[in-house]
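This report refers to the structure that appears directly beneath it.
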Amino acid sequence: MGTRITVFLAHNLLSWRDTAEALTRLRRTEPLCRAVAEYWRTVEEYDRDASEWAIDEALEDCIHYAGPGSLWLDITPCASRIHTGARWSGFLSIEPLRRVHLPAFRSIAEALGSDTMAISHDSTAQVHEFFWTGATQRECVAALEVSLGPPQPSVDRIEPQITAMTGRGVPDVWYLERVSKVL
């Protein structure tokens with residue numbers, strides 16, 4: 001199965017349950033998210049993807065959205081989280097994969113009003129537990145720091161030693177990036 005990418009975000013939705021508002025904002029991200037799907041079509045047979053964001057499931061404490069590019073978004077009252085079909089080791093070691101995912105992540109962060117993105121792998125059980133129990137993005141970031149140490153310098157330029165680590169396993173690193181307007 002593999003360890004996947006997770007991105008923790010804040011959101012400024014007036015009501016986290018307002019799916020119409022969330023979908024309106026997410027519509028602006030669809031071209032960059034569809035670019036992720038197009039990337040996947042160049043590297044493997046890929047035809048199982050959504051063409052636009054849609055509600056996947058509405059639960060009492062979370063709304064799950066499914067979007068283009070094998071991207072999913074969970075919105076809780078206090079934070080949001082992107083998770084992907086892409087593997088963490090590929091994100092760290094395959095430049096074209098990272099180059100197409102980062103703009104999509106940044107556009108989603110921008111659409112939700114998140115000033116930062118905490119990008120990591122999904123094997124951080126304590127951080128995910130905090131997220132699911134109603135933590136804010138700031139609390140998730142603090143938990144990442146406790147679990148994995150300080151963030152790496154820049155997700156735009158992965159350090160060669162981290163890329164080399166992907167051949168031996170899942171690098172226990174994460175990135176905290178400021179989001180600037182992309183849309």
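Numbering of residues begins at 1 and proceeds along the displayed sequence.
- Taking 4.5 Å as the limit, every side-chain heavy atom of Thr124 sits out of range of all side-chain heavy atoms of Asp172.
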Begin with the C-alpha distance, continue with both residues' side-chain angles, and end with the deciding distance and a verdict on side-chain contact (heavy atoms from CB on, under 4.5 Å) for Tyr65 and Asp74. CA-CA 6 Å; Tyr65 298 87; Asp74 303 313; over 6 Å; no

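- Around atom CZ of Arg138, no more than 12 heavy atoms belonging to other residues, nucleotides or ligands sit under 6.0 Å away.
- A search for side-chain hydrogen bond (donor to acceptor under 3.5 Å, both in side chains) contacts involving Arg34 returns nothing, not counting sequence neighbours.
- Atom-to-atom distance recorded for Ile94:CD1 and Thr166:OG1 is 8.0 Å, nearest 0.5 angstrom.
- Under the 4.0 Å criterion applied to side-chain N and carboxylate O atoms, Asp122 and Arg4 are not assigned as salt-bridge partners.
- Electrostatic pairing of Glu110 and Arg106 does not count as a salt bridge here, judged by no charged N lying under 4.0 Å from a carboxylate O.
- Atom-to-atom distance recorded for His128:NE2 and Ser147:OG is 10.5 Å, nearest 0.5 angstrom.
- Residues Glu145 and Pro150 have side chains in contact (heavy-atom distance under 4.5 Å, counting atoms from C-beta outward).
- The shortest heavy-atom contact between Thr136 and Glu139 is N-OE1, 2.8 Å.
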Checking side-chain contact (heavy atoms from CB on, under 4.5 Å) for the pair Arg81/Leu73: CA distance, chi angles, key distance, verdict? CA-CA 6 Å; Arg81 176 187 77 129; Leu73 177 68; 5.9 Å; no

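- Closest of all the heavy-atom pairs between Arg168 and Ala164 is NH1-O, 3.5 Å.
- The aromatic rings of His121 and Trp88 stand perpendicular to each other, their planes meeting at an angle above 60°, with 30° marking the opposite boundary.
- When only modelled atom types and interatomic distance are considered, Thr29 and Trp53 share a side-chain donor-acceptor pair under 3.5 Å.
- Distance check, rounded to the nearest 0.5 Å: CD of Glu159 to CG of Leu92 gives 11.5 Å.
- The two residues Ser107 and Ala104 come nearest to each other via the heavy atoms OG-O, 2.8 Å.
- Between Trp72 and His83, the ring planes lie parallel to each other; the angle is under 30°, not in the 30° to 60° tilted range.
- Using a 4.5 Å heavy-atom cutoff, the side chains of Gln126 and Phe130 are in contact.
- The number of heavy atoms from other shown groups lying within 6.0 Å of CG (Leu14) does not exceed 12.
- Note: Leu32 CG to Leu102 CG = 11.0 Å, rounded to the nearest 0.5 Å.
- Residues satisfying the side-chain hydrogen bond (donor to acceptor under 3.5 Å, both in side chains) criterion with Thr116, sequence neighbours excluded, are Gln137.
- Grouped with Trp132 in one hydrophobic cluster are Phe8, Val127, Phe131, Val141, Leu144, Leu148, Trp174, Leu176, the linkage being side-chain heavy-atom contacts under 4.5 Å among Ile, Leu, Val, Met, Phe, Trp and Tyr residues.
- For Trp16, there are no ring pair (Phe, Tyr, Trp, His ring centres under 6.0 Å) partners two or more places apart in sequence or in a different chain.
- Nearest heavy-atom pair, Leu71 versus Cys33, reported as atom, atom and distance to 0.1 Å: CD1-SG, 3.6 Å.
- Exactly one residue among Ile119, Val179, Ile82 makes a side-chain contact (heavy atoms from CB on, under 4.5 Å) with Leu9. That residue is Ile82.
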Checking Ile158 against Arg98 for the side-chain contact (heavy atoms from CB on, under 4.5 Å) test, could you report, in this order, the C-alpha distance in whole Å, the side-chain angles of both residues, the deciding distance, and whether it holds? CA-CA 10 Å; Ile158 305 299; Arg98 188 171 52 256; 3.3 Å; yes

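- Side-chain N or O atoms of Ser80 include none that pairs as donor or acceptor with a backbone N or O of Ile75 at under 3.5 Å.
- Counted within 6.0 Å of CD on Glu129, heavy atoms from surrounding residues, nucleotides or ligands total 12 or fewer; the atom is thus considered open.
- Residues Pro153 and Glu177 come closest through the heavy atom pair O-OE2, 4.1 Å.
- Using a 4.5 Å cut-off on side-chain heavy atoms (C-beta onward), Pro96 and Tyr39 make contact.
- Scanning both residues, Cys78 and Ala135, for their nearest heavy atoms gives CB-O, 3.5 Å.
- The hydrophobic cluster containing Val146 does not contain Val173, counting ILVMFWY residues as joined when their side-chain heavy atoms lie under 4.5 angstrom apart, directly or transitively.
- Remark: Asp61 pairs with no residue by the side-chain hydrogen bond (donor to acceptor under 3.5 Å, both in side chains) rule, at least two apart or across chains.
- The OG atom of Ser70 sits 8.0 Å away from the NE2 atom of His101 when rounded to the nearest 0.5 Å.
- The structure places CG of Leu112 at 12.0 Å from CE of Met117, a figure rounded to the nearest 0.5 Å.
- Judged as a side-chain hydrogen bond (donor to acceptor under 3.5 Å, both in side chains), and not counting sequence neighbours, His11 has no contacts.
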